[in-house]
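A short write-up of the structure that comes next.
Here is how names work: the chains are called A, B, and so on, in the same order as the sequence lines, proteins then strands, and each is numbered from 1.
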Amino acid sequence: MTMVAKDTWDFLFQYENLQFADGRNMTYLCYCVEEKNGDTPMLLHIDVLQNEVAGSHVEILFLSFMRRFLASIDQSLQEARESQVTWYISWSPCADCANTVATFLRERNNVHLRLFASRLYYRDVPEYQQGLRALKEAGAQVEIMSSLEFSDCWDHFVDHQGECFEPWEEMDENVEIFSQKLQDILETR
DNA sequence: ATTTTCAAT
Ligand SMILES: [Zn+2]
């Protein structure tokens with residue numbers, strides 16, 4: 001059920017969780033939207049976004065999509081609908097996007113976001129750290145992509161031609177480093 | 001080793 005085809009080389013280059021990710025000067029956002037009501041979640045939408053060069057960040061492109069999407073379904077189903085959004089994002093959100101998304105989540109109590117980032121973007125800049133805390137405080141689940149998420153992302157968003165996901169060197173070590181850093185950031189007040 | 005980063009020295 002691959003609905004979105006991303007090149008395998010491109011995926012591995014852009015999502016590799018290096019500590020110093022030279023040349024990854026763009027961002028991918030693989031996402032899906034599911035209906036949360038009922039026992040089994042129902043897939044409503046799945047897509048991949050990339051930022052516009054020197055333009056909108058992927059988070060803003062996502063919000064544009066989501067606003068249109070909600071407007072189209074709210075008419076028929078009104079407020080009863082709970083949607084679960086899952087993000088697999090190559091760089092974690094910048095401060096501005098994080099705050100914009102946090103505001104969106106506060107306005108939409110029936111939208112739930114799980115955010116998995118491969119790498120932390122400007123991890124030591126206080127404003128960026130604050131942005132991640134704002135997302136969490138707005139109810140988002142903010143985590144680092146681990147082997148499970150890389151594998152899921154590969155399965156659903158990559159044109160892998162039947163090839164299995166092969167973890168790269170240092171993947172687990174880097175997951176650990178970024179997870180610890182994220183934990184430190186989210187625990188700070 | 002102490003580097004890069006939603007591009008542009
Ligand atoms: Zn941004």
Side-chain angles (χ1 to χ4, degrees), chain A residues 4-33 45-69 85-105 111 113-138 140-146 149-150 152-154 156-159 167-186 188:
Chain A
V4 193
K6 249 161 60 54
D7 186 71
T8 54
W9 187 91
D10 198 33
F11 171 79
L12 293 171
F13 180 75
Q14 292 295 340
Y15 275 89
E16 189 174 5
N17 60 355
L18 300 168
Q19 294 304 305
F20 300 97
D22 314 48
R24 277 69 172 180
N25 37 30
M26 58 174 294
T27 295
Y28 276 130
L29 172 57
C30 295
Y31 72 92
C32 63
V33 181
H45 195 84
I46 181 166
D47 204 2
V48 178
L49 295 171
Q50 63 176 281
N51 64 288
E52 297 167 341
V53 174
S56 294
H57 285 184
V58 287
E59 297 86 341
I60 304 309
L61 298 175
F62 171 82
L63 288 185
S64 301
F65 157 78
M66 198 61 192
R67 287 201 173 92
R68 286 197 311 276
F69 183 75
V85 177
T86 305
W87 281 8
Y88 303 101
I89 191 168
S90 56
W91 284 115
S92 62
C94 74
D96 286 348
C97 288
N99 286 306
T100 303
V101 172
T103 300
F104 174 84
L105 292 174
V111 176
L113 176 64
R114 294 190 303 162
L115 185 170
F116 296 98
S118 173
R119 301 178 300 266
L120 294 173
Y121 190 51
Y122 289 102
R123 71 189 90 171
D124 292 318
V125 178
E127 289 77 12
Y128 287 54
Q129 298 178 341
Q130 181 55 47
L132 296 175
R133 286 192 288 273
L135 278 170
K136 185 187 175 192
E137 283 156 16
Q141 182 184 335
V142 182
E143 290 187 33
I144 296 299
M145 287 177 78
S146 65
E149 287 79 33
F150 286 121
D152 284 349
C153 203
W154 173 273
H156 295 107
F157 297 94
V158 178
D159 184 16
W168 48 83
E169 296 283 323
E170 311 285 309
M171 186 181 83
D172 291 337
E173 291 86 339
N174 287 327
V175 167
E176 206 44 54
I177 292 169
F178 279 125
S179 295
Q180 184 60 56
K181 181 67 183 181
L182 178 60
Q183 192 183 325
D184 292 346
I185 291 170
L186 295 180
T188 303

Nt span of DNA chain B in reach of chain A heavy atoms at under 4.0 Å, 5' end first, is B:dT3 to B:dA7

Across the strands shown, which category fits A:A54 at heavy-atom distances under 4.0 angstrom: base, sugar-phosphate, nothing? sugar-phosphate

Counting any heavy atom closer than 4.0 Å, what does A:Q50 reach on the DNA or RNA strands: base, sugar-phosphate only, or nothing? nothing

Is a donor from one side chain sitting under 3.5 angstrom from an acceptor on the other, for A:S146 and A:E149? yes

With sequence neighbours excluded, tell me which residues meet side-chain contact (heavy atoms from CB on, under 4.5 Å) with A:R67. A:L63, A:F104

Going by side-chain contact (heavy atoms from CB on, under 4.5 Å), name the residues that satisfy it together with A:S64, two or more places apart in sequence or in a different chain. A:R68

Per nearest nucleotide of DNA chain B, the residue lying toward the 5' end, A:G55 or A:R123, is A:R123

Using the [atom1] atom on both, measure [N] against [M] and round to a whole Å.
N     : M     : atom1 : answer
B:dA7 : B:dT3 : P     : 22 Å
B:dA1 : B:dT5 : P     : 23 Å
B:dT4 : B:dA8 : C1'   : 15 Å
B:dT2 : B:dC6 : C1'   : 24 Å

Can you tell me how far CG of A:L120 sits from CG of A:L132, rounded to the nearest 0.5 angstrom? 6.5 Å

Residues of residues 89-101 of chain A with a heavy atom under 4.0 Å from any atom of DNA chain B, listed by number, are A:W91, A:S92, A:P93, A:C94

Is the distance between the ring centroids of A:Y31 and A:F65 under 6.0 Å? yes

With sequence neighbours left out, the residues meeting salt bridge (Lys or Arg N to Asp or Glu O under 4.0 Å) with A:R133 are none

Who are the salt bridge (Lys or Arg N to Asp or Glu O under 4.0 Å) partners of A:E16, not counting sequence neighbours? A:R24

pair A:V158-A:C153: side-chain heavy atoms closer than 4.5 Å: no

